[in-house]
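Following: one structure in structure tokens, then a few remarks.
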Amino acid sequence: QVQLVESGGGLVQAGGSLRLSCAASTSIADINVMAWYRQAPGNQREWVAFSYRSGATTVSTAVQGRATISRDNAKNTLFLQLNRLKPEDTATYYCYVPPTDWGQGTQVTVSS
């Protein structure tokens, strides 16, 4: 089981940027799939971006063009760069390693 600790969330104005971090307790070079999900109050938890050991990545339509997922294997850390933030990006963002490992979440609030 992997322990995951997110950080980097905060309050930002629309149009601003945040870089979220997910520190893992194990070598992420050995983890095939890592992902970011988000959940706003009253909404279902939705995926934001996936990172694969091969180096491939994918981002959801909701953040396409505005989000980049990346890994720093030396630091065992997964990142999510969020740019040109919108109020609808407001949510708790979670780091996820399938099938069962979730971080505690970090809050992103985007004001209009």
Under 4.5 Å side-chain linkage, directly or through intermediates, the cluster mates of Ile31: Val2, Leu4, Val12, Leu18, Leu20, Ile28, Met34, Trp36, Val48, Val59, Val63, Ile69, Leu78, Leu80, Leu82, Leu85, Tyr93, Val97, Val108, Val110
Gln104 backbone acceptor or donor facing Glu6 side chain under 3.5 Å: yes
When you compare the side chain of [Y] with that of [X], does any pair of heavy atoms fall below 4.5 Å?
{"X": "Gln107", "Y": "Thr90", "result": "yes"}
{"X": "Arg45", "Y": "Tyr96", "result": "no"}
{"X": "Tyr52", "Y": "Val33", "result": "yes"}

Give the minimum heavy-atom separation between Gln81 and Ser17, together with the two atoms involved. NE2-CB, 4.0 Å
Of all heavy-atom pairs between Pro87 and Ser112, which one has the smallest distance, and what is that distance? CG-CB, 3.9 Å
Of all residues at least two apart in sequence or in a different chain, which pass the ring pair (Phe, Tyr, Trp, His ring centres under 6.0 Å) check with Tyr94? none
Among all residues two or more places apart in sequence or in another chain, which pass the ring pair (Phe, Tyr, Trp, His ring centres under 6.0 Å) test with Trp47? Phe50
Contacts of Asp89 that satisfy salt bridge (charged side-chain N to carboxylate O under 4.0 Å, His left out) - sequence neighbours left out: Arg38, Arg66
Determine, step by step, whether Asn73 and Ser27 satisfy the side-chain contact (heavy atoms from CB on, under 4.5 Å) criterion, reporting the C-alpha distance in whole Å, the side-chain angles of both residues, the deciding distance to 0.1 Å, and the verdict. CA-CA 7 Å; Asn73 288 343; Ser27 174; over 6 Å; no
Rounded to the nearest 0.5 Å, what's the gap from CG on Asn83 to CZ on Arg19? Could you check?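 Going from CG on Asn83 over to CZ on Arg19, the span is 11.0 Å.
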Any pair counted as salt bridge (Lys or Arg N to Asp or Glu O under 4.0 Å), so long as it reaches residues 70-87, sequence neighbours left out: none
Any disulfide bond (SG atoms under 2.5 Å apart) pairs touching residues 46-104, not counting sequence neighbours?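 For residues 46-104: Cys22-Cys95.
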